[in-house]
Amino acid sequence: QVQLVESGGGLVQPGGSLRLSCAASGSIFAIDAMRWYRQAPGKQRELVAAITRGGSTNYANSVKGRFTISRDNAKNTLYLQMNSLKPEDTAVYYCNADASTIPPMSSNPYWGQGTQVTVSS
């Protein structure tokens, strides 16, 4: 099994910054793509950003130029640097990873428990 634990959420004023982290642990053989999703109250979960093992990234239009996704493969950790935060960024942010376990098995999706980000003055 693979466990994903997010951290770094909190309350921040508009225009502020936060850095989310997602640490993966367990019987990990390899982690392929990793992603950040978010879900605001009353809305569907949406993809915020994604990164391949090789470092290729893509972003939702709403966060381009403000958010940066990165990963440390040696530490099995995913990051999301969020700058110029807006009230509409308020949501629970979830980490998602495609990972295979030891012994080598087919890749499966895993989810973290989520971390709350609130942007308010």
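Just so it is clear, the model here is predicted, and its values are computed rather than measured.
- Side-chain atoms of Glu6 come within 3.5 Å of backbone atoms of Gly114 as a donor-acceptor pair (strictly under, hydrogens ignored).
- No side-chain heavy atom of Ser7 sits under 4.5 Å from any side-chain heavy atom of Leu20.
- Using a 4.5 Å heavy-atom threshold, the side chains of Cys22 and Val5 count as separate.
- Contact annotation: the side chain of Arg66 never approaches that of Tyr59 to less than 4.5 Å [non-hydrogen atoms, C-beta and beyond].
- Separation of atoms CG (Leu80) and SG (Cys95) is listed at 10.0 Å; rounding is to 0.5 Å.
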- Task: Show the numbers, then the answer: is there a side chain to side chain contact (heavy atoms under 4.5 Å, CB included) between Gln3 and Ser27?
- Result: CA-CA 9 Å; Gln3 295 79 43; Ser27 302; over 6 Å; no
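- Contact between Pro14 and Ser121 at its shortest, heavy atoms only, is CD-N, 3.7 Å.
- Counting heavy atoms from C-beta on, the side chains of Ile69 and Leu78 come closer than 4.5 Å.
- Of all heavy-atom pairs between Ala91 and Ala40, the closest is CB-N, 3.8 Å.
- Val117 has its side chain out of reach of Thr90: every pair of non-hydrogen atoms, C-beta onward, lies at least 4.5 Å apart.
- To the nearest 0.5 angstrom, Asn83 atom CG is 11.0 Å from Arg19 atom CZ.
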- So Tyr79 and Asp72, side chain to side chain contact (heavy atoms under 4.5 Å, CB included) or not? Walk me through it. CA-CA 8 Å; Tyr79 304 99; Asp72 185 331; 4.1 Å; yes
- Item | Trp111/Tyr37 under ring-ring contact (aromatic ring centres under 6.0 Å, His included): CA gap, chis, key distance, verdict | CA-CA 10 Å; Trp111 291 89; Tyr37 284 81; 4.9 Å; yes
- Any chance you could lay out the side chain to side chain contact (heavy atoms under 4.5 Å, CB included) test for Phe29 and Val2, step after step, and finish with the verdict? CA-CA 10 Å; Phe29 176 72; Val2 177; over 6 Å; no
- Message: Set out, in order, the CA-CA distance, both residues' side-chain angles and the distance that settles side chain to side chain contact (heavy atoms under 4.5 Å, CB included) for Asn76 and Ile28, then state yes or no.
- Response: CA-CA 9 Å; Asn76 288 332; Ile28 298 170; 3.8 Å; yes
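- Side chains of Ser107 and Asp98: a donor-acceptor N/O pair is absent below 3.5 angstrom, by distance only.
- Within the 4.5 Å cutoff, no side-chain heavy atoms of Leu4 are placed close to those of Tyr94.
- Heavy atoms of other residues, nucleotides or ligands lying less than 6.0 angstrom from CD of Glu88 number more than 12.
- Taking both residues in full, the closest heavy atoms of Pro109 and Asn96 are given as CB-ND2, 4.2 Å, listed atom of the first, atom of the second, then distance.
- At a threshold of 4.5 Å between non-hydrogen side-chain atoms, the residues Asn58 and Lys64 do not count as touching.
- Distance CD1/Ile51 to CD1/Ile31: 12.0 Å, rounded to 0.5 Å.
- Using a 4.5 Å cut-off on side-chain heavy atoms (C-beta onward), Ser120 and Pro87 make no contact.
- If you take CH2 on Trp36 and CD on Glu46, they are separated by 14.5 Å, rounding to the nearest 0.5 Å.
- Separation of atoms CD (Gln13) and CG (Leu85) is listed at 11.5 Å; rounding is to 0.5 Å.
- Taken to the nearest 0.5 Å, the CG atom of Asp32 stands 7.5 Å off from the CZ atom of Arg53.
- A side-chain donor from one of Gln116 and Thr118 sits under 3.5 Å from a side-chain acceptor of the other.
- Under a hydrophobic-cluster definition in which Ile, Leu, Val, Met, Phe, Trp and Tyr are linked whenever side-chain heavy atoms come within less than 4.5 Å, directly or via other members, Val119 and Val92 are assigned to different clusters.
- When all heavy atoms of Met105 and Ser100 are compared, the closest pair comes out as O-CB, 3.0 Å.
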